[in-house]
Amino acid sequence: MRRTLHILLTNDDGIYAPGIAALHKALRRVGAVSVVAPAVEQSAVGHSITLAHPLRVIEAERRGKFFGYGVSGAPADCVKLAVLELLKRSVDLIVSGINLGSNAGVNALYSGTVAAAVEGVMLGIPGIAVSMDFCQRPKFGPAAEIARRLVKAVVRRGLRPDMLLNVNIPALPLRRIKGVRVTPQSRRMPPEGFERRTDPMGRHYYWIKPWGRYDGEEDTDVCALRKGYVAITPLQYDLTSQSLLKELRGWEWGRK
Ligand code: MN
C-alpha cells in the first residue's frame, strides 16, 4: 500500500494569515498536511535564520482546533525546525504560501515564502512556493485550487529532491486566468523609491515604496503574470555563475 503523501505547509505571512488557511484546505485533499509557520509576519526576510535568540513554538488553533506550530522565527527556521525536530513523520514535499503579493522576478530573492521552499530542497525535500499577485481584498480560493492541481501534477510525475518551483498566480477568478506558462525569472528590478516622512519628534524616516508598474522582459514570470497567466519558474539555489566560472578559471591568479 502506498503511504500517504506528507506535506509540510509554511509561509512568510504568518500562521494566522488567510493565504495559508486557504492552501491548507486545498492541500488536505492531496495528502496529510503539517503546518509549521512563523508566529508573526516575516515577509521579505529572505533566507535569514535565527541565531541570536532561541526559537519558541506555540500550538496555533484555527476555529478552536489545532492548526499547526507557530515559530518565533523566519520561514527558513520553520522548515529546519519542522524537518529536523518537530515532526515525527518524514516530509515528502514542502509547500509555502499562499503569499499575498507576487514573488516573481527579483522578488524571489527577498521572499521568505520562496526561501522556505529553497530550504526544503537544501534538506533534500522538494519545495513549491506559491504566491498571488497583490490586491486590496484578496480571495485566495482560486489560487488555492490552482496550487492543489499543480501539486497533484508534480506528485504524479514523481517527486525528486531538486524540484524547486516558484509559482505566481494572478489575483483573478479561475475563469479569467488564461493558463499556465513555464518561464524564466525576470532579472529586471521593479521601479521603487523611498517616501520621506517626518515623525512626531520632527525627525525624518523613510519607507520603501513601489514607483509605478513592474514590467518584466518578454517571456519571463513577471510578464506572464501581468498577462493573466500562472507563472511557474524552476529555481536552483546554487548561485554559481557558470559563465564567469569558466572565464575566471582562464585568468592568471598568481601562484598562491
Ligand atoms: Mn509575505
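All heavy atoms count here, side chains included; hydrogens, waters and symmetry mates do not. Note that ligands are numbered from 1 as they come in the structure, with each ligand's atoms numbered from 1 the same way.
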- Locate the shortest heavy-atom distance separating Ala129 from Val114; write the atom from each residue and the value. CB-CA, 3.8 Å

- Considering only heavy atoms from C-beta outward, does the side chain of Met132 approach that of Pro138 to under 4.5 Å? yes

- Task: Return yes when atom CD of Glu85 has more than 12 non-hydrogen atoms of other residues, nucleotides or ligands closer than 6.0 Å, and no otherwise.
- Result: no

- Message: Ignoring hydrogens and geometry beyond distance, is a side-chain donor-acceptor pair present between Ser34 and His6 at under 3.5 Å?
- Response: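 Per modelled atom types, Ser34 and His6 side chains form a pair under 3.5 Å.
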
- Supply the atom-to-atom distance Leu8 CG to Tyr69 OH, rounded to the nearest 0.5 angstrom. 12.0 Å

- Query: Can we say Lys80 and Glu119 salt-bridge, meaning some charged N sits less than 4.0 Å from an Asp/Glu carboxylate O?
  - Reply: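 Salt bridge: yes.
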
- Spell out the protein N/O/S atoms under 2.8 Å from the Mn ion (ligand 1) as residue plus atom name.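 Correct list: Asp12 OD1, Asp13 OD1, Ser43 OG, Asn99 OD1.
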
